[in-house]
Amino acid sequence: MANNDYNPKDIERKWQDIWEREEAFMTGNDKSKPKYYALVEFPYPSGEGLHVGHPRPYTALDIIARKRRMEGYNVLFPMGWDAFGLPTENYAIKNKIHPRIVTERNVARFMSQLKALGYSFDWSREVNTTDPSYYKWTQWIFLKLFEHGLAYKAEMPINWCTRCKIGLANEEVVNGVCERCEGEVVRKVKKQWMLKITEYAEKLLNDLDEVDYLEKIKAQQRNWIGRSEGAEVEFRLAGKDDVIKVFTTRPDTLFGATYMVLSPEHPLIDKYKDAIRNWDEVSSYREMASRKSDLERTDLAKEKTGVRIEGLDAINPVTNQKIPVWISDYVLMTYGTGAIMAVPAHDERDYEFARKFNLPIVEVVKGGNISEAAYTDTENGVLVNSGFLDGLKVSDAQEKITGWLEEKGLGERKVNYKLRDWVFSRQRYWGEPIPLVYCEKCGWVPIPEEELPLTLPEVENYVPSDEGESPLANVKEWVETSCPKCGGPATRETDTMPQWAGSSWYFLRYIDPHNDKEFASREELDYWLPVDWYNGGMEHTTLHLLYSRFWHKFLHDIGYVPTREPYRKRTSHGMILGENNEKMSKSRGNVVNPDDIVNEFGADTLRTYEMFIGAFDQSAAWSQLGVKGCRRFLERVWKLMDMVVDGDSYSKELEVKMHQTIKKVSQDYEAMKFNTAVAAMMALVNEFYAAKQVTRGELKTFLVLLNPVAPHITEEMWERMGYEGRLYQQKWVSWDEEKTLENTVEIAIQVNGKLRGTVLIELNEEKDSVREKVLQVDAVKKVVEGKSMVKEIYVPNKIYNIVVK
RNA sequence: GCCGAAGUGGUGAAAUUGGCAGACGCACUGGACUCAAAAUCCAGUGGAGCUCAAGCUCCGUGUGGGUUCGACUCCCACCUUCGGCACCA
């Protein structure tokens, strides 16, 4: 058969059109079929276009989705756009184009790029977070949260990005600067909408046990939630009618608490302004602390600072001694109670502070040398100087003292989390409007459900004011409205939602994307949930993953979704680096554009290369030569068409290899070991070339195996060879375990653990007869001669080891 | 500092449960084809040494110990790199 050269330009476009026309990858309606929901993170459609990093996870799950269809599953594999967000808005401001137009343009670009890569997405389910028919439901969920008391407005010291002029969640502050623009972040007090994610801390933590996430993902989530057990203890203020409450994980060291520290923002300071003799000093310290950005305040492990509050003393509840109270910014208002009992002998921070300010250090756990450093070991220490705790191990002492405190009403067991509530307000235009109005009489009132979506008004100017008001605040006719409750005058909330809002539930919308009665029908949710496999970047492990689990759990609790967890399995991919092994960026000049690769080599080559580049979960450097190698492989595949001989079964010579390869490729896809799956197929092609022929049966099987990675070339070859139907309609191939084994195997012979030769044996040959063959090998004879054989180890079909003396 | 991942040829990397280290790709070398080159096909390719040669010997998975008949794999200590968190009491 005469075939022209492999020309991806022609065939890739051709098959993309055919698949679209034949609705090849539309999600089925047959609910008697088992379902499979494969999900990749929807992209932010930036002005830059697709990056070679994008296709890595997309191709990976496209492989899974295509394989599942061939295995008979009803597959949901959707795609959409996380399109609200700052870069679009900034671009819009700069170029005086409406962000909606910018978004449309970027989406169109992304869409055509993705389509050129031949993904089997069901495009009829495309969602876009900026579409009012989508964000209607984002707003609806927010109102549910509000109704259930999980959304509240609070005056909060927030992270304020001085460049973006917006409040940031803690998670968006990276090393003290804004995650997005790297601008300086300072603390600023502002009334913000908050979501009580902390209420779900325990569930978010515990339910990790029932999901199949990569262990490192679970570890990061646990780390972020940061559960710690301890006790809350009350210290009386000497001569006052108040107590300082502290949280400690080391109640056993209570006898060693020699001073206390309040965070600069602690309310008791203002309350006792009149009693504080050195108010000027205290107040200027507070002033200084508040001016510091988080970076300055927490960074650099700087020397501790602080001021003694003269006029306030506390009473240690076990020793009944008066201890001084200090103020210092090493104590954070946002964790625990904003105050600590300081036990310098057994806490490094307190130790450092006590050393600097000459505060007493009392050893209460023996085992270290407190003249040199704090002793923080909790395994081996024994309590001393601690009255009724003396002689106890740390863990026993903790039990005993906590019981004692509870009995006396001085404290109680307490669990604390590092997790903070989620700052949900952004002073920006390009986000979902928060559907609440403020009425002097009724307070915050939700907009009636039937009025959703509350759409963004058209505005001239998207720039937030310097005081940080949202651009929406300038749109009088939009802001001024009437109260849905009493009909009186009211004003709309002008803050918008953060980008994390729309992405917290998009996987639910894919399930029933055109529903205008509900965010998705219960029937569809029951069938499709949970997402069977969700792959995304490690950079979203603490933010998006936690937020979307929170929303999902909330929706579950109020009866709207059937499962407690949204995602059954979560994996993540490594980054693709530039050829110089550095992160790809314009400024480094090492960016590879996927369009160029598709143009020069074809989409199948790009897909194959991205899978072959290295272990999926590890980062990998781009190599143009590696791309060429994959193109060469596909050329070799193409030329198999000239080597086909009759025969629907496998040839005798290659039967074992065929079964081995089917097994290897099938299992490797599932384990995301795409690189070795491709390697196995390359090896098989090398075998075909060595045999100078391939049977029809072998080729068909091979095309099925390769199809998920390189769908266009395999489909084209299927058609050219005149095989029945479409390749995408075929069944996945199976292997016969028995046929993956050779009849004769070569085993290694070792003497004293050193390789001395090999010998061919029958599969599962008896030890005695193997032994006979082994002892006939010259090299073995030579080494064994004149020595006594102490021991012989035979691992069937693997190795024969003789120990001599 | 804490948590996590990793360290293997010239190079990207492989190696189910401890069982022939380096599959597959790149680069390189040689050969075939060609007037020539490119492309393609075939062969070779961890290091050092010995041998006319087939072949043989020794060394080799970050470092140092250990367990074992046998260790890239398990244990202990350490070094380096990369991610994440970081005054969280």
Side-chain angles (χ1 to χ4, degrees), chain A residues 174-175 214-220 222-224 226-228 230 246-250 253 261 263 297-302 304 328-332 334-343 346-350 352-353 416-420 538-539 541-542 574-575 577 581 608-609 612-615 617-630 632-633 635-636 639 664 667 671 673 675-686 689-690 692 746-758 779 782 790-804:
Chain A
V174 175
N175 295 325
L214 287 184
E215 207 43 52
K216 64 175 167 181
I217 296 175
K218 286 191 185 183
Q220 276 197 27
R222 289 196 185 105
N223 208 310
W224 192 263
R227 182 182 198 273
S228 63
V246 301
F247 172 73
T248 176
T249 54
R250 294 293 305 277
T253 62
V261 186
S263 139
R297 191 163 156 175
T298 62
D299 198 39
L300 302 171
K302 272 202 304 240
K304 295 223 173 351
S328 172
D329 65 2
Y330 84 91
V331 173
L332 310 173
T334 43
Y335 184 75
T337 61
I340 60 156
M341 66 177 212
V343 184
H346 306 290
D347 181 284
E348 280 163 24
R349 297 152 300 178
D350 299 345
E352 196 192 319
F353 193 81
N416 254 318
Y417 300 93
K418 279 202 262 184
L419 186 69
R420 313 280 160 81
M538 267 327 268
E539 68 273 24
T541 326
T542 43
M575 228 189 321
L577 307 170
N581 236 309
T608 306
Y609 176 63
F612 188 62
I613 191 168
D617 59 341
Q618 247 135 49
S619 59
W622 190 264
S623 152
Q624 202 71 2
L625 287 169
V627 177
K628 254 172 91 177
C630 287
R632 194 173 299 155
F633 165 61
E635 304 259 9
R636 278 164 73 81
K639 280 186 258 170
K664 174 92 181 136
Q667 293 183 343
K673 292 159 94 174
N675 51 337
T676 50
V678 173
M681 290 187 282
M682 286 174 169
L684 182 60
V685 169
N686 291 345
Y689 271 71
K692 295 194 171 65
E746 193 188 41
I747 65 162
I749 305 168
Q750 295 185 344
V751 178
N752 289 347
K754 258 190 191 152
L755 185 70
R756 290 297 169 188
T758 58
K782 221 163 72 189
V790 185
K791 198 171 170 186
E792 287 164 64
I793 297 119
Y794 177 52
V795 182
N797 305 321
K798 284 267 162 81
I799 198 164
Y800 198 100
N801 190 8
I802 303 167
V803 186
V804 298

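Chain naming here is simple, since letters A, B, ... match the order of the sequence lines and numbering starts at 1 in each.
Atom C1' of C52(B) sits at a distance of 24 Å from the matching atom of G47(B), rounded to the whole Å. For the C1' atom pair drawn from A43(B) and G84(B), the interatomic distance equals 48 Å after rounding to whole Å. Only the P atoms considered, U73(B) is 14 Å distant from C20(B), to the nearest whole Å. With both ends at atom P, the span from C28(B) to C72(B) equals 32 Å, rounded to whole Å. U80(B) and A39(B) are spaced 44 Å apart, taking the P atom of each and rounding to whole Å. Spacing between C56(B) and A23(B) at atom C1', rounded to whole Å, works out to 26 Å. Comparing the same atom, C1', in U68(B) and in G18(B) gives a spacing of 9 Å after rounding to whole Å. Between the C1' atoms of G30(B) and G83(B), the separation comes to 45 Å (whole Å).
With A89(B), G25(B), A23(B) as the candidates, the nucleotide lying closest to the side chain of Phe612(A) is G25(B). Comparing G84(B), C24(B), A89(B) against the side chain of Ser228(A) picks out A89(B) as the nearest. Distances from the side chain of Ala748(A) to the nucleotides A15(B), C20(B), G19(B) place C20(B) closest. In this structure, the nucleotide among C69(B), G84(B), C24(B) sitting nearest to the side chain of Val803(A) is C69(B). Set against A21(B), A23(B), U40(B), the side chain of Lys639(A) has U40(B) as its closest nucleotide. Among C85(B), C24(B), C3(B), the nucleotide with an atom closest to any side-chain atom of Ala219(A) is C3(B). Each of G19(B), C20(B), A89(B) was ranked by its minimum atom distance to the side chain of Val795(A); first place goes to G19(B). Of the candidate nucleotides C24(B), G70(B), A89(B), C24(B) has the atom nearest to the side chain of Met682(A). Among C3(B), C42(B), C87(B), the nucleotide with an atom closest to any side-chain atom of Asp329(A) is C87(B). Side-chain proximity of Asn223(A) to the nucleotides G19(B), A23(B), G84(B) is greatest for G84(B).
To the nearest angstrom, P of C85(B) lies 12 Å from CD of Glu539(A). In this structure, Ile793(A) atom CD1 and G18(B) atom C1' are separated by 13 Å, rounded to whole Å. Protein atom OH of Tyr335(A) is 13 Å distant from nucleotide atom P of A86(B), rounded to whole Å. What separates CD1 of Ile799(A) from P of U17(B) is a distance of 17 Å, to the nearest Å. If you take CD of Gln618(A) and C1' of G4(B), they are 12 Å apart, rounded to a whole angstrom.
Thr541(A) comes within 4.0 angstrom of nothing in the nucleic acid, heavy atoms only. When heavy atoms are screened at a 4.0 angstrom cut-off, Ala615(A) is found touching the sugar-phosphate backbone but no base atom. Among the heavy atoms of the strands lying under 4.0 Å from Gly629(A) are primed sugar atoms or P, OP1, OP2 only; no base atom is included. Leu625(A) comes within contact range of the sugar-phosphate backbone alone, with a heavy-atom separation under 4.0 Å but no base atom that close. No engagement by Lys692(A) is indicated, since no non-hydrogen atom pair under 4.0 Å with the nucleic acid exists. Across all strands, Asn686(A) comes closer than 4.0 Å only to sugar-phosphate atoms, never to a base (heavy-atom distances). Across all strands shown, Ile613(A) has heavy atoms under 4.0 Å from sugar-phosphate atoms exclusively, and none from any base. Contacts of Tyr417(A) with the nucleic acid, taken as non-hydrogen atoms under 4.0 Å apart, are absent. As judged by a 4.0 angstrom heavy-atom cut-off over every strand, Asn675(A) is placed among residues touching the sugar-phosphate backbone only. Backbone-only contact: Thr249(A) has heavy atoms under 4.0 Å from sugar-phosphate atoms and none from a base. Using a 4.0 Å heavy-atom cutoff across all strands shown, Glu746(A) reaches at least one base atom of the nucleic acid.
Considering only side-chain N and O atoms, Lys216(A) lies nowhere under 4.0 angstrom from the phosphate OP1 or OP2 of A5(B). For C42(B), one of the phosphate oxygens OP1 or OP2 lies less than 4.0 angstrom from a side-chain nitrogen or oxygen of Arg636(A). Asn581(A) has no side-chain polar atom (N or O) that falls below the 4.0 Å cut-off from OP1 or OP2 of U81(B). Residue Lys418(A) places none of its side-chain N or O atoms closer than 4.0 Å to OP1 or OP2 of A89(B). Between Arg632(A) and A27(B) there is a side-chain N or O to OP1 or OP2 distance below 4.0 Å.
For U11(B), the paired base is G25(B) (Watson-Crick or G-U wobble, both distances below 3.5 Å). Pairing for G70(B) is absent, judged as Watson-Crick or G-U wobble with the two contacts each under 3.5 Å. Nucleotide C52(B) forms no Watson-Crick or G-U wobble pair with any nucleotide shown, as no partner meets the under 3.5 Å limit on both distances. Here C2(B) sits opposite G84(B) as a Watson-Crick or G-U wobble pair (both hydrogen-bonding atom distances under 3.5 Å). Both distances falling under 3.5 Å, in either a Watson-Crick or a G-U wobble arrangement, occur for no nucleotide opposite U34(B). Across the strands present, A77(B) finds its partner in U63(B); the criterion is a Watson-Crick or G-U wobble pair with both atom distances under 3.5 angstrom. The nucleotide U17(B) finds no pairing partner, because no Watson-Crick or G-U wobble arrangement with both distances shorter than 3.5 Å includes it.
Without hydrogens or angle criteria, Asp350(A) side chain to Val343(A) main chain gives a donor-acceptor distance under 3.5 Å. A donor-acceptor pair under 3.5 Å links the side-chain atoms of Tyr609(A) to the main chain of Ser623(A), judged by distance alone. Side-chain atoms of Asn752(A) come within 3.5 Å of backbone N or O of Val804(A) as a donor-acceptor pair. The closest donor-acceptor contact from the side chain of Arg420(A) to the backbone of Thr334(A) lies under 3.5 Å. Not a single donor-acceptor pair under 3.5 Å links the side chain of Tyr330(A) to the backbone N or O of Phe353(A).
Rounding to the nearest 0.5 Å places CD1 of Ile799(A) at 9.5 Å from CD1 of Ile749(A).
In this structure, G31(B) is classed as anti because its glycosidic torsion departs from zero by more than 90°.
Between Thr541(A) and Met538(A) the shortest side-chain heavy-atom distance falls below 4.5 Å.
Between Phe247(A) and Tyr335(A), the ring planes lie perpendicular to each other; the angle is over 60°, past the 30° to 60° tilted range.
No more than 12 heavy-atom neighbours from other residues, nucleotides or ligands sit within 6.0 angstrom of NZ on Lys628(A). No more than 12 heavy-atom neighbours from other residues, nucleotides or ligands sit within 6.0 angstrom of CD on Glu348(A).
Judged by distance alone with a 3.5 Å cut-off, a donor-acceptor contact links the side chain of Lys304(A) to the base of C87(B). The base of G19(B) lies close enough to the side chain of Gln750(A) for a donor and an acceptor atom to sit less than 3.5 Å apart.
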